Amino acid sequence: MIEHKAEPGWAAVEEFLSETVVRPNRHLKHAVASAAAAGMPPIEVAPNAGKLLQLLVRISGARRVLEIGTLAGFSTIWMAQGLPEGGRLITCEYLPKHARVARANVDAAGIGHKVEIRLGAALESLAALEAEGHEPFDFVFIDADKENNPHYLNWAIRLGRPGTTIVMDNVVWEGALLDPSLDRVNAPGIICALEIMGKDPRLDATVIQTVGSKGWDGFALAVVR
Ligand code: SAH
Ligand code: DHB
Ligand code: MG
């Protein structure tokens, strides 16, 4: 965990953009409120980032989405709402309470039939998914423990196909990617995953820096070649 140093103006602008352009529905607002009520950390993506995920799912024509890190299902609902009828989203979460709150939220949002929540350590769930031999995932959102980001990136490629879209959250982490001493737990995994994105011939990637209610952060966008 790293201390967020959000300027007041960043959150105010984000609030304006959220209410003017993004306009999350009541189910999305409830998902955020339910997490707070259950004592879960407020680390879901910002509404404008959630809407971006939804648009990327739609633009990419994804029918099968994989999410690593569910929390209360806020990003899950955004992405599932971007799927066509018959589309499916599998999301991995290791805390039973988070999975329970998320289940209630995706069901209330009317997209529960599209969503499967896999309870357990994500690395184990990903290995199980491969063993089960599903169709490849078209879109992968990586947003769990940052230490495992390099492994999650490798799994995204393995469970994907040429053309699969990969989004990785929290890759700027208050600038800790330049100074790992700011967060010895999470920064090394974030940096290693970014290095892979730049060097691995199987990937073509970029990173967008962001500021807002979640402080100074960013997301990586990659496509499997
Ligand atoms: N994507 C969510 C936020 C996820 S927060 C959103 O934007 O709405 C990160 C989540 O990953 C937490 O719920 C945490 O419990 C879960 N998590 C952390 N390490 C994990 C692991 N090894 N396996 C599965 N889930 C994990
Ligand atoms: C934090 C933020 C996240 O988006 C996440 O997935 C995990 C942790 C955090 O701020 O600690
Ligand atoms: Mg995140």
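Order of appearance sets the numbers: ligands from 1, and atoms from 1 within every ligand. Keep in mind that the numbers below use all heavy atoms, side chains included, and drop hydrogens, waters and symmetry copies. Each residue takes its place number in the sequence, starting with 1. In this text the structure is predicted, and so the values were computed from the model without any measurement.
At least one heavy atom of Tyr152 sits less than 4.0 Å from an atom of ligand 1. Put simply, part of Glu67 is less than 4.0 Å from ligand 1, judged by heavy atoms. Contact between Phe219 and ligand 2 is absent, with no heavy atom of the residue lying under 4.0 Å from the ligand. Within the structure, ligand 1 has Gly120 among the residues with a heavy atom less than 4.0 angstrom away. Using a 4.0 Å heavy-atom cutoff, Lys214 is absent from the residues neighbouring ligand 2.
Ligand 1 has no nitrogen or oxygen under 3.5 angstrom from a nitrogen or oxygen of Ala121. Residue contacts with ligand 1: Ala122 is placed with a nitrogen or oxygen under 3.5 Å of a nitrogen or oxygen of the ligand (distance criterion only). For ligand 1, one of its N or O atoms has an N or O atom of Leu71 under 3.5 Å away. Distances between N or O atoms of Ala144 and those of ligand 1 include no value under 3.5 Å.
Rounding to 10 degrees, one finds that the Mg ion (ligand 3) sits at the corner of an angle of 90° between Asp169 OD2 and Asn170 OD1.
Partner of Phe139 under the side chain to side chain contact (heavy atoms under 4.5 Å, CB included) criterion, out of Ile166, Val167, Leu89, Leu83: Val167 alone. Partner Asn170 forms a side chain to side chain contact (heavy atoms under 4.5 Å, CB included) with one of Thr210, Ile43, Asp143 and no other, that one being Asp143.
Look at Arg225 and Asp204 and you find a salt bridge, because one of the NZ, NE, NH1 or NH2 atoms lies within 4.0 Å of a carboxylate O, short of that distance. Taking 4.0 Å as the cut-off between side-chain N and carboxylate O, Arg161 and Asp138 count as a salt-bridged pair. One finds no salt bridge joining Lys51 and Glu14 here, because no Lys/Arg side-chain nitrogen approaches an Asp/Glu carboxylate oxygen to under 4.0 Å. Contact check on Arg88 versus Glu116 returns a salt bridge, with a Lys/Arg side-chain nitrogen under 4.0 Å from an Asp/Glu carboxylate oxygen. Using a 4.0 Å cut-off between charged nitrogen and carboxylate oxygen, Lys214 and Glu44 count as a salt-bridge pair. Arg64 has no carboxylate O lying under 4.0 Å from a charged side-chain N of Glu135, or vice versa, which leaves the two without a salt bridge.
For the residue pair Arg202 and Asn154, a side-chain donor N or O sits within less than 3.5 Å of a side-chain acceptor on the partner. Asp183 and Trp173 share a side-chain donor-acceptor pair at under 3.5 Å. In this structure, a donor-acceptor pair under 3.5 Å is present between the side chains of Tyr152 and Asp145.
When each atom of ligand 2 is checked for a heavy atom of Asp143 under 4.0 Å away, the hits are 4 (O), 5 (C), 6 (O). In the vicinity of Ile43, heavy-atom distances shorter than 4.0 Å reach the ligand 2 atoms 1 (C), 2 (C), 3 (C), 4 (O), 5 (C), 7 (C), 8 (C), 9 (C), 10 (O). Close approach to His98 involves these atoms of ligand 1, each under 4.0 Å from a residue heavy atom: 12 (C), 13 (O), 15 (O). When each atom of ligand 1 is checked for a heavy atom of Leu95 under 4.0 Å away, the hits are 15 (O). Atoms of ligand 2 found under 4.0 Å from any heavy atom of Lys146 (numbered from 1 in listed order, with element): 5 (C), 6 (O), 7 (C). Near Asp169, meaning under 4.0 Å from one of its heavy atoms, ligand 2 places the atoms 4 (O).
The protein atom (non-hydrogen) at minimum distance from atom 7 (O) of ligand 1 is Val45 N, 2.9 Å. In this structure, atom 19 (N) of ligand 1 lies nearest to the protein heavy atom Asp145 OD1, 3.3 Å. Of all protein heavy atoms, the one lying nearest to atom 25 (N) of ligand 1 is Tyr94 N, 3.2 Å. For atom 11 (O) of ligand 1, the closest non-hydrogen atom of the protein is Gly69 CA, 3.4 Å. Scanning the protein for heavy atoms near atom 9 (C) of ligand 1, the closest one is Asp143 O, 3.2 Å. Scanning all protein heavy atoms for the shortest distance to atom 5 (S) of ligand 1 gives Ile43 CD1, 3.6 Å. Closest to atom 15 (O) of ligand 1, if we only count protein heavy atoms, is Glu93 OE2, 2.7 Å. Summary of contacts: the protein heavy atom closest to atom 6 (C) of ligand 1 is Ser75 OG, 3.0 Å.
The cluster map of Ile, Leu, Val, Met, Phe, Trp and Tyr, joined by side-chain heavy atoms under 4.5 Å apart, puts Phe219 and Met197 in different clusters. Taking hydrophobic clusters as Ile, Leu, Val, Met, Phe, Trp and Tyr residues chained together by side-chain heavy-atom distances below 4.5 Å, Ile77 shares a cluster with Phe74.
At distances below 3.5 Å, not a single donor-acceptor pair connects side-chain atoms of Lys199 with backbone N or O atoms of Leu194. Judged purely by atom type and a 3.5 angstrom limit, Thr164 uses its side chain to pair as donor or acceptor with the backbone of Phe137.
Within the 4.0 Å heavy-atom criterion, both parts of Glu44, backbone and side chain, lie near ligand 1. Neither the backbone nor the side chain of Asn148 comes within 4.0 Å of ligand 1, counting heavy atoms alone.
Proximity annotation for atom 3 (C) of ligand 2: of Asn170, Ile142, Asp145, Asn170 comes nearest, heavy atoms only.
Note on Asp143: its N/O/S atom closest to the Mg ion (ligand 3) is OD1.
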Worksheet entry | Intermediate values then yes/no, salt bridge (Lys or Arg N to Asp or Glu O under 4.0 Å), Glu67 and Lys114 | CA-CA 13 Å; Glu67 177 176 63; Lys114 296 180 177 174; over 6 Å; no
